[in-house]
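Just below is one structure, and these are the notes that go with it.
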Amino acid sequence: MDSESKPFSTHWADITADRIIRERGEKDVYVCASGITPSGTVHIGNFREIISVELVVRALRDRGRTVRFIYSWDDYDVFRKIPENMPQKELLETFLRKPITLVPDVLSDEASYAAHNEKTLEKVLPEVGIEPEYIYQAERYRASKYAEGMKTALDHRDDIRRQLNAHRTTLLADDWYPVSVFCTRCDRDTTRVTGRDGDYGVSYTCDSCGNAETVDLRKTSALKLPWRIDWPMRWSVEGVDFEPAGKDHHSEGGSFDTAELTSREVFGHEPPVSFQYDFVRIKGGSGKLSSSSGEVVSLSDVLRFYQPEVVRYLFAGTRPNSEFAISFDLDVLKIFEDYDKIERNYYNKPENPKKIKKWEKDARIYELSQVGAVPTTLPYQIQIRHLTTLLQIYSGDIDAVVSYLGDVPEADLERFRVRARCAWNWVNDFAPEDFRFSLRTVDDGRVDMADNLAAAVRTLGVLAVDKLGDLPEKEFSNLMYDVMHEHSLESAEFFTAVYQALIGKDKGPRLLNFLHVVGRETVSGLLGLY
Ligand SMILES: [Zn+2]
């Protein structure tokens with residue numbers, strides 16, 4: 001939907017885009033930024049920032065604006081602490097206080113521990129349609145790309161100290177410098193700046209190895225700015241117009257507050273438009289997620305159970321400043337059903353003007369949930385519950401489900417397969433016990449049951465041979481109840497006996513539909529054992 005046909009939307013991404021244009025004025029390019037220190041697995045809470053920016057980027061592009069979407073890896077940060085569950089702890093310990101970009105990758109064969117965390121995310125983001133321009137801070141700093149920014153910070157040393165001290169209980173001393181130094185001999189940041197020459201020269205000593213030297217900002221890879229100063233420096237270097245931040249940064253006196261001051265007063269850049277995003281909780285996933293990364297749930301983990309459009313829907317459909325939960329329990333089915341509903345509605349615009357507002361709201365969420373272009377017609381839909389039944393009947397064989405259905409259009413096949421993989425993973429990992437079943441086979445033989453029950457099951461088997469699939473469901477249903485009455489059974493005991501014969505459990509999917517889906521041959525084979 002373009003800006004001509006839809007000048008106004010109440011979606012938060014559109015409201016933010018309008019605010020950016022209003023506050024920053026008309027520009028050739030709007031710069032939207034996100035970033036993180038790759039000191040551990042980038043988890044789904046961190047992903048909220050990335051997708052929040054991407055949704056605003058889309059809203060700006062939908063308004064015909066050109067946008068640069070940058071993602072900064074703060075990989076020149078120091079390796080402070082070894083994350084839990086890491087192998088080779090003794091080796092890693094020797095890299096403490098060094099930049100994370102120098103820490104070896106003990107989990108795979110990337111160039112460094114930082115690169116491992118970076119590549120892991122970079123590989124998965126395109127699956128949800130997110131492809132920012134990545135900026136690697138270590139590379140920039142080590143190539144002295146920020147020499148002027150660091151000099152500006154040093155020139156305003158007293159201003160910055162005052163700005164930071166306004167929010168500190170332990171005040172920064174008069175001999176404090178707004179830079180940190182990685183010793184060029186031992187790579188550790190266990191250093192103290194001892195002076196500067198007023199130009200580009202900075203002197204330091206290292207408490208670890210005793211190294212003392214003077215380096216030139218334009219030539220050295222040793223210096224960087226601490227986070228609270230690095231952030232506004234980059235806003236000015238990249239010309240950032242929009243960057244949201246988490247609750248921790250947006251608190252009173254938090255890094256966003258001081259960065260705003262430093263950006264304005266030291267770097268002469270009007271700080272970007274921002275908003276605060278809230279946490280993402282995890283519901284019903286305990287113990288079965290992310291064995292490799294402790295209790296952290298990553299985007300890849302979520303994508304095992306939710307198709308990309310539904311992941312986007314979760315974030316696009318929730319205001320950034322409200323906390324929400326990603327569920328792995330039965331709610332998963334409800335969320336797929338909700339998504340399918342807004343998808344159907346999107347292609348069925350109401351005539352009634354009273355209903356238009358609600359329709360427009362959901363339509364915009366649907367558009368923003370798409371990975372690529374919005375489909376021109378309603379994509380193939382399959383109810384998630386029905387899909388879990390089919391997958392269990394066919395033991396997870398997606399091709400078999402596709403040929404059973406026989407009507408999945410070629411164009412929707414990949415989307416269908418992705419949904420089927422998610423549904424099957426969910427059945428195996430998180431579906432409640434009474435939801436799961438597997439079809440018995442004739443080779444399994446009979447299940448023990450009373451003679452009168454076995455006789456009823458046998459009669460139903462004969463009926464299946466004659467009629468299942470030929471008669472409409474309703475008519476087959478009447479005949480099935482006739483069998484039940486003929487054998488003087490209550491429906492509970494009759495149904496239990498049939499489920500026992502088919503899946504060895506007392507309960508299962510809705511019986512009539514289940515018999516039809518399982519099909520004449522298998523039903524009559526299994527019931528014919530009695
Ligand atoms: Zn040293």
Side-chain angles (χ1 to χ4, degrees), residues 329-330 332-334 337 382-406 420 423-530:
D329 54 14
L330 271 171
V332 171
L333 303 181
K334 168 83 167 58
E337 285 162 359
I382 180 162
Q383 278 185 12
I384 191 78
R385 283 170 199 271
H386 183 47
L387 181 58
T388 60
T389 302
L390 288 174
L391 285 162
Q392 293 186 84
I393 289 171
Y394 290 100
S395 310
D397 183 343
I398 296 171
D399 289 335
V401 173
V402 170
S403 42
Y404 164 80
L405 289 166
W424 182 239
N425 288 337
W426 181 78
V427 165
N428 283 301
D429 288 4
F430 294 119
E433 190 46 43
D434 61 5
F435 200 93
R436 295 160 64 164
F437 67 86
S438 58
L439 267 188
R440 293 176 60 77
T441 67
V442 172
D443 292 343
D444 293 334
R446 288 173 55 139
V447 173
D448 279 343
M449 62 176 75
D451 289 347
N452 63 327
L453 294 172
V457 167
R458 187 164 58 240
T459 314
L460 182 63
V462 173
L463 182 66
V465 175
D466 289 345
K467 315 273 188 196
L468 185 61
D470 290 347
L471 291 180
E473 269 197 16
K474 180 70 188 153
E475 286 180 38
F476 189 84
S477 168
N478 292 337
L479 294 176
M480 189 170 81
Y481 279 98
D482 289 346
V483 171
M484 188 179 93
H485 294 131
E486 202 180 296
H487 290 266
S488 313
L489 296 174
E490 297 294 323
S491 57
E493 51 183 348
F494 176 60
F495 278 51
T496 302
V498 179
Y499 283 125
Q500 279 291 344
L502 294 172
I503 58 175
K505 298 180 80 167
D506 289 346
K507 285 178 183 163
R510 206 170 60 82
L511 187 59
L512 194 61
N513 177 258
F514 189 53
L515 292 173
H516 276 84
V517 174
V518 172
R520 181 193 308 219
E521 200 178 324
T522 308
V523 169
S524 54
L526 287 171
L527 303 190
L529 291 169
Y530 296 82

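Computed from a prediction, not measured in an experiment: that's the story for all the values here.
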Flag, side chain of [X] to backbone of [Y], donor-acceptor distance under 3.5 Å:
X    : Y    : result
E475 : P472 : no
Y481 : S491 : no
Y499 : P509 : yes
R520 : V465 : yes
R440 : G445 : yes

Taking atom [atom1] as the centre, does [X] end up with more than 12 heavy-atom neighbours from other residues, nucleotides or ligands that are less than 6.0 angstrom away?
X    : atom1 : result
E473 : CD    : yes
D470 : CG    : yes
N478 : CG    : yes

Do you know the tightest heavy-atom contact between [X] and [Y]?
X    : Y    : answer
G461 : S524 : O-CB, 3.8 Å
L526 : A501 : CB-O, 4.1 Å
L460 : V483 : N-CG1, 4.1 Å
P432 : L330 : CG-CG, 3.7 Å
V498 : L511 : CG1-CD1, 3.9 Å
E493 : L453 : O-CD2, 3.9 Å

Q) With a 4.5 Å limit on heavy-atom distance, are the side chains of K467 and M480 in contact? A)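 Result no, sub-4.5 Å side-chain heavy-atom pair not found.
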
Q) Within a strict 4.5 Å, meaning less than it, do heavy atoms of the L515 and V518 side chains meet? A) no

**Q.** Note: R385-E337 ion pair, threshold 4.0 Å (strictly below)
**A.** yes

Say you draw a straight line from [atom1] of [X] to [atom2] of [Y]; how long is it, rounded to the nearest 0.5 Å?
X    : Y    : atom1 : atom2 : answer
D443 : L529 : CG    : CG    : 9.5 Å
I398 : L387 : CD1   : CG    : 8.5 Å
W424 : S395 : CH2   : OG    : 6.0 Å
T459 : H487 : OG1   : NE2   : 3.0 Å
T388 : F437 : OG1   : CZ    : 7.5 Å
N513 : T389 : CG    : OG1   : 7.0 Å

Q: Output, in order, the C-alpha distance, side-chain angles, deciding distance and verdict of side chain to side chain contact (heavy atoms under 4.5 Å, CB included) for L527 and L502.
A: CA-CA 7 Å; L527 303 190; L502 294 172; 4.1 Å; yes

Q) L439 and F514: side chain to side chain contact (heavy atoms under 4.5 Å, CB included), yes or no, with the steps? A) CA-CA 11 Å; L439 267 188; F514 189 53; 4.2 Å; yes

Q: Measure the acute angle between the ring planes of W426 and F435, then classify it against the limits of 30° and 60° as parallel, tilted or perpendicular.
A: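 Plane angle over 60°, so perpendicular.
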
Q. Which word best sums up how the rings of Y394 and Y404 line up, parallel for under 30°, tilted for 30 to 60°, or perpendicular for over 60°?
A. tilted

Q: Take H386 and V517 through the test side chain to side chain contact (heavy atoms under 4.5 Å, CB included) and record every step on the way to the result.
A: CA-CA 10 Å; H386 183 47; V517 174; 3.6 Å; yes

(Q) Run the side chain to side chain contact (heavy atoms under 4.5 Å, CB included) test on L463 and L468 for me, step by step, so that the C-alpha distance in whole Å, both residues' side-chain angles and the decisive distance to 0.1 Å come before the verdict. (A) CA-CA 7 Å; L463 182 66; L468 185 61; over 6 Å; no

